[in-house]
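Please read these numbers as outputs of a predicted model, since none were measured by experiment. Residues take their numbers from the sequence shown, with the count starting at 1.
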Amino acid sequence: MDDISSKDYVIIDNFLRDDLYTEIKSFFLGKLPNFKEAGIGAHADNQIDSKVRGDFTYWLDRQRDAQLETYWNLLDETMHIFNRYCYLSLSGYEFHLAHYPSGGHYDKHLDQFENRNNRMISMIIYLNDDWKLGDGGELEIFEKDGSSFLVEPLAARCVMFKSAEVPHAVLEAHKSRFSLTGWLLYQPSSVGKLFV
């Protein structure tokens, strides 16, 4: 909590227990045929632009995807900790599975829409076994001074950051790159930016 308050981001290795990691990865691989090409923009403004973004996603639903109950409970606990220690009043979340095939990337952006500003905390959990240098797909985080650094997408590593404050990009993947990505939300979306 101190890191995300002072630096706007935090990186946590071994965020998932081995059994939960295996459960999520198995679920992910089973859903790959149902993934759809990801777009940019919210709702009616959503459009496909592979020059900007080259991943495929499967949006999760707690009722439909009830077999991930342990994961949903972990999200509830994470949201509770943010509310307790950062006074955020988070009350919801939205998550998807993301597959970047070889050649997939995502240009520099913020995780916040112009007409929908309730994404407060971005959260990424990587599901890449045996990732090594040269595989690509690193997360590039841009700091306030204009510098940037790379985060390797290692298995069970979690990255969280302030959605409206941290520009980031996904570098080109050279093999399939898997993650569980989403946002902790204020509800309703009109509440606006309260986490400074």
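- When all heavy atoms of P167 and K108 are compared, the closest pair comes out as CB-CE, 3.7 Å.
- Between H96 and L60, the closest side-chain pair of non-hydrogen atoms is not below 4.5 Å.
- Within the 4.5 Å cutoff, the side chain of M120 has no heavy atoms near those of the L184 side chain.
- A distance of 9.5 Å separates CD in E165 from CD in Q112, rounded to the nearest 0.5 Å.
- None of F142, F161, Y9 except one satisfies the ring pair (Phe, Tyr, Trp, His ring centres under 6.0 Å) rule with H168; the exception is F161.
- The two atoms that bring P33 and G30 nearest to each other are CD-O, 3.6 Å, heavy atoms only.
- You'll find the side chain of I121 stays beyond 4.5 Å of the side chain of T78, heavy atoms only.
- Of the listed residues (Y58, F35, Y21), just one forms a ring pair (Phe, Tyr, Trp, His ring centres under 6.0 Å) with F28, and that residue is F35.
- Interatomic distance, CH2 of W59 versus CG of L97, reported as 10.5 Å (0.5 Å rounding).
- Judged by distance alone, with hydrogens and angles left aside, the side-chain atoms of Y186 form a donor-acceptor pair with the main-chain N or O of L88 at under 3.5 Å.
- Taking CG of L150 as the reference point, atom CG of L133 lies at 10.0 Å (rounded to 0.5 Å).
- Heavy-atom neighbours of K36 NZ from other residues, nucleotides or ligands within 6.0 Å: at or below the threshold of 12.
- Within the 4.5 Å cutoff, side-chain heavy atoms of W131 are placed close to those of L154.
- The heavy-atom pair separating A155 from D129 by the smallest distance is CB-OD1, 4.1 Å.
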Q) Passes salt bridge (Lys or Arg N to Asp or Glu O under 4.0 Å), E94 versus R119? Steps please. A) CA-CA 9 Å; E94 55 187 10; R119 289 179 172 177; 2.8 Å; yes
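- Between the side chain of S147 and the main chain of E143, no donor-acceptor pair closer than 3.5 Å is present.
- Atom SG of residue C158 and atom CG of residue L74 lie 8.5 Å apart, to the nearest 0.5 angstrom.
- The side-chain heavy atoms of L32 and L29, taken from C-beta on, include a pair separated by under 4.5 Å.
- When each of I125, D55, T57, I124 is tested with S179 by the rule side chain to side chain contact (heavy atoms under 4.5 Å, CB included), just one qualifies, namely I124.
- Between D135 and D130 the shortest heavy-atom distance is OD2-O, 3.9 Å.
- A heavy-atom distance below 4.5 Å is not found between the side chains of V170 and H105.
- Enclosure of atom CZ in F149 by more than 12 non-hydrogen atoms of other residues, nucleotides or ligands within 6.0 angstrom is indicated.
- Remark: S176 OG to L127 CG distance equals 12.5 Å, nearest 0.5 Å.
- The number of heavy-atom neighbours closer than 6.0 Å to CZ of R64, taken from other residues, nucleotides and ligands shown, is above 12.
- Within the 4.5 Å cutoff, no side-chain heavy atoms of Y71 are placed close to those of E23.
- Of the possible donor and acceptor atoms, one in the side chain of N128 sits under 3.5 Å from a partner among the backbone N and O of P153.
- Of all non-hydrogen atoms in D65 and K31, the two that sit nearest each other are OD1-CE, 4.4 Å.
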Q) Can H109 and D111 be said to form a side-chain hydrogen bond (donor to acceptor under 3.5 Å, both in side chains), step by step? A) CA-CA 7 Å; H109 64 284; D111 283 354; 3.2 Å; yes
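- Once rounded to the nearest 0.5 Å, the distance linking OG of S148 with CD of E140 reads 3.5 Å.
- Judged by distance alone, the side chain of N83 and the main-chain N or O of L90 form a donor-acceptor pair under 3.5 Å.
- More than 12 heavy atoms of other residues, nucleotides or ligands sit less than 6.0 Å from atom CG of D13.
- A cation-pi contact, defined as under 6.0 Å to the ring centre and within 45° of the axis, links R177 to Y100.
- Linking ILVMFWY side-chain heavy atoms closer than 4.5 Å, directly or via other members, places L171 and V151 in two distinct hydrophobic clusters.
- L75 is not listed as a side-chain neighbour of R62, based on a closest heavy-atom distance of 4.5 Å or more.
- Other residues, nucleotides and ligands place more than 12 heavy atoms under 6.0 Å from the CG atom of D19.
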